[in-house]
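Letters go in sequence order (proteins before strands), and every chain restarts at 1. Below, all heavy atoms of this structure are taken into account, side chains as well, without hydrogens, waters or symmetry copies. Worth saying up front: this structure is predicted, and the values here are computed from it rather than measured.
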Amino acid sequence: MNESRSATGLKRVAASSGAAISARNLRKTFKNVVAVDSVSFDIAAGSTTALLGGNGAGKTTTIGMIMGLILPTSGRVSVLGADMARERHRVLARMNFESPYVDMPHRLTVRQNLYVFAGLYGVADPAKRIAELAESLALTEFLDRQAGKLSAGQKTRVALAKALINEPEVLLLDEPTASLDPDTADWVRSRLEDYRRKRGATILLASHNMAEVERLCDRVVMLKAGRVVDDGAPAALIAKYGRDSLEEVFLDIARGRAS
Amino acid sequence: MNRLSLRRIGAMIARYLYLLRSSWPRIAELIYWPAIQMFTWGFLQTYINGQASAAGVTGRFAVAAGTLIGALLLWDSLFRAQLGFSLSFLEEMWSRNMANLLMSPLRPLEFVAALMAMSLIRLAIGILPVTGLAFLFFGFNLWALGLAVAAFFVNLVLTSWSIGLFVSGLVLRNGMGAEAIAWSILFFVMPFACVYYPVATLPSWLQWVAWSLPPTYVFEGLRALLVAHVFRLDLMVEGFAINISLLAAGTLAFLVLLDSARRAGSLLQMGE
């Protein structure tokens with residue numbers, strides 16, 4: 001995917017509603033368990049938004065529905081104008097995702113893995129794109145090593161390279177720095193900030209790391225028991241709850257101390 | 001936008017070839033089991049032929065015994081083609097890569113096309129050398145059967161794909177608990193497909209089951225060719241017609257089970 005195609009896509013989104021991701025009355029039940037209930041939000045193109053909530057709050061289910069991998073019981077979610085339950089293949093080439101709970105084939109080298117995904121995403125010049133990613137994400141020294149033989153930090157960088165292989169307009173990240181040491185986590189956050197600044201991409205992330213959210217995100221959607229309980233800029237939420245940090249706000253909401 | 005992309009299919013085939021290339025035991029394993037089977041049944045055939053000659057039984061019985069090794073090679077082709085399809089699919093589950101693929105622009109039918117291609121590649125790697133060994137050690141030349149072999153293979157491969165599609169759909173929907181089905185399902189079919197004996201051997205109430213299975217037509221056709229020297233085109237056409245229906249049903253089952261997995265929310269928790 002070249003720069004002009006990516007830029008054209010972003011202009012198209014901006015020209016329509018300005019929302020890259022739109023969820024309307026999303027509800028998902030698994031048998032008798034309500035995982036997500038009446039969730040609605042719009043995420044502006046070019047913004048970085050966090051889905052926050054404790055374990056079981058509905059973050060992964062919501063991201064799964066945004067990706068189209070989970071079908072909502074009711075409600076609708078669209079990404080770049082496409083209904084993800086019915087026409088996700090129209091926009092999948094313009095999206096990507098990363099999760100520490102998903103791996104790439106261990107016996108393939110990093111280069112082979114990236115070539116495969118470049119082919120799947122229709123990257124015009126895979127060798128050039130892989131070289132760019134290798135340089136910006138410091139992969140060069142282990143490009144020809146098997147993915148299964150990398151350290152956790154190296155694997156995260158490779159997963160990020162896969163997530164950026166098609167220069168996505170929408171990037172979904174599920175706990176992008178989970179299990180990383182502080183130095184590597186900080187490095188990953190810097191790369192995400194660079195990518196968003198250069199490409200104007202829309203980023204939605206689920207995280208348990210409040211410092212990460214405060215640093216990266218323009219906006220936070222707070223979930224509890226499958227429902228949106230608050231929504232706003234990190235600084236605005238901190239002020240609203242009269243706290244010193246987003247972590248304290250999170251604890252207030254999680255423990256039911258919020259007014 | 002709805003057209004299948006050869007580039008994406010090619011990327012998936014490259015992914016499986018990279019994997020095969022990375023491990024010589026994986027390649028050796030493809031040849032090892034068919035070779036072991038062929039030697040076991042080849043020596044059994046030699047023994048039966050020897051006993052028949054010693055007892056003064058000639059001609060028809062000895063020729064019929066010669067169908068064992070042919071049936072074995074064809075049965076193994078069916079089994080290997082199905083494993084080639086299912087194992088390539090299972091590789092994605094074992095490596096926890098399925099969500100990456102399903103989130104990419106790869107369409108389900110492109111994924112299926114790549115699995116079909118890998119089924120053929122793995123079958124060729126496993127069976128071609130073994131047919132050479134069968135000729136060298138036991139004088140059985142499968143390829144001397146000419147165009148009939150192509151008809152046999154087309155029917156068997158179509159059956160293997162139908163079963164592979166159904167099993168893959170079950171694994172998508174039910175997770176790795178369904179993995180064992182990939183290994184065992186053909187052995188359930190085997191007694192009714194009449195691999196080593198004619199359909200007439202079965203009780204009459206079971207014969208309709210046998211005739212509902214496409215491989216039965218291939219093995220009956222093989223025996224007709226080796227024993228009576230007649231190529232039964234009618235059997236091949238009937239088997240092909242059932243295979244087309246099975247393939248359509250297998251594809252539909254795969255797509256329905258994938259959709260069901262999306263409803264159940266199981267696609268994000270794939271892996272061992």
Side-chain angles (χ1 to χ4, degrees), chain A residues 28-31 33 35-36 60-61 63-73 84-85 87-109 111-113 115-124 126 146-148 159 162-163 165-166 168 172 174, chain B residues 1-27 88-111 114 172-173 256 258-272:
Chain A
K28 183 64 188 176
T29 57
F30 297 110
K31 293 183 179 166
V33 178
V36 170
T60 299
T61 302
I63 285 191
M65 288 191 280
I66 292 170
M67 294 194 293
L69 292 184
I70 298 176
L71 289 175
T73 305
M84 294 307 282
E87 48 180 3
R88 58 197 289 271
H89 283 282
R90 194 156 70 74
V91 292
L92 284 176
R94 296 159 63 193
M95 305 170 62
N96 213 318
F97 95 116
E98 188 217 336
S99 164
Y101 308 109
V102 175
D103 265 342
M104 286 197 277
H106 286 190
R107 294 197 68 89
L108 270 60
T109 66
R111 190 190 303 277
Q112 288 169 341
N113 268 307
Y115 261 108
V116 170
F117 282 102
L120 293 179
Y121 280 93
V123 175
Q146 287 186 339
K162 173 256 152 191
I165 191 89
N166 58 328
L172 305 170
D174 190 5
Chain B
M1 254 338 245
N2 288 324
R3 281 199 299 267
L4 298 185
S5 158
L6 286 178
R7 186 171 180 202
R8 290 194 289 266
I9 296 169
M12 287 306 293
I13 293 171
R15 176 256 187 274
Y16 297 120
L17 292 180
Y18 286 144
L19 182 69
L20 266 185
R21 217 173 63 183
S22 73
S23 165
W24 68 262
R26 279 176 199 266
I27 297 175
S88 299
F89 174 84
L90 287 171
E91 292 284 0
E92 307 301 354
M93 306 290 287
W94 293 329
S95 60
R96 300 198 312 158
N97 188 43
M98 193 60 80
N100 277 328
L101 298 182
L102 295 176
M103 250 309 279
S104 78
L106 180 73
R107 286 167 179 272
L109 291 182
E110 292 165 351
F111 188 20
L172 273 178
R173 177 61 184 85
V256 166
L258 173 62
D259 200 54
S260 173
R262 288 175 74 198
R263 282 179 209 290
S266 54
L267 295 177
L268 279 177
Q269 296 132 21
M270 294 259 149
E272 285 192 292

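Closest approach of A/V116 and B/A11 over heavy atoms only: O-CB, 3.6 Å. Of all heavy-atom pairs between A/F97 and B/A99, the closest is CE2-O, 3.8 Å. When all heavy atoms of A/D103 and B/N100 are compared, the closest pair comes out as O-ND2, 3.0 Å. Residues B/R15 and A/P105 approach most closely at NH2-CG, 3.3 Å, considering heavy atoms. When all heavy atoms are compared, the tightest approach of A/M84 to B/R262 is O-NH2, 3.3 Å. Nearest heavy-atom pair across A/H89 and B/L106 is CE1-O, 3.3 Å.
Looking at heavy atoms from C-beta onward, A/K162 lies out of side-chain contact with B/S104 at the 4.5 angstrom threshold. Contact of the B/M12 side chain with the A/L120 side chain is registered, since non-hydrogen atoms from C-beta on lie closer than 4.5 Å. The shortest distance between side-chain heavy atoms of B/M103 and A/N96 does not fall below 4.5 Å. Side-chain atoms of B/R26 and A/R107, non-hydrogen and from C-beta on, do get closer than 4.5 Å to each other.
The candidate from A/T61, A/V102, A/T73 with the greatest count of non-hydrogen atom pairs under 4.5 Å with chain B is A/V102. With chain B as partner, the option from A/K31, A/R88, A/Q146 having the largest number of non-hydrogen pairs under 4.5 angstrom is A/R88. Chain B forms the most heavy-atom pairs under 4.5 Å with one residue out of A/L69, A/T109, A/I63, A/L172, and that residue is A/L69. By number of non-hydrogen pairs under 4.5 angstrom with chain B, the leading residue of A/M104, A/E98, A/M65 is A/M104. Considering only heavy-atom pairs separated by less than 4.5 Å from chain A, the leading option among B/S5, B/S95, B/A14 is B/S95.
Contact of A/A118 with chain B is made through the backbone alone, with heavy-atom distances under 4.5 Å. With a 4.5 Å cut-off on non-hydrogen atoms, A/L108 touches chain B through its side chain but not through its backbone. Of the atoms belonging to A/T60, heavy atoms from both backbone and side chain fall under 4.5 Å from chain B. When heavy atoms are compared at a cutoff of 4.5 Å, B/S23 approaches chain A by way of both its backbone and its side chain.
With sequence neighbours excluded, no residue satisfies side-chain hydrogen bond (donor to acceptor under 3.5 Å, both in side chains) with A/D174. Among residues two or more places apart in sequence or in another chain, the salt bridge (Lys or Arg N to Asp or Glu O under 4.0 Å) test is passed with B/R263 by B/D259.
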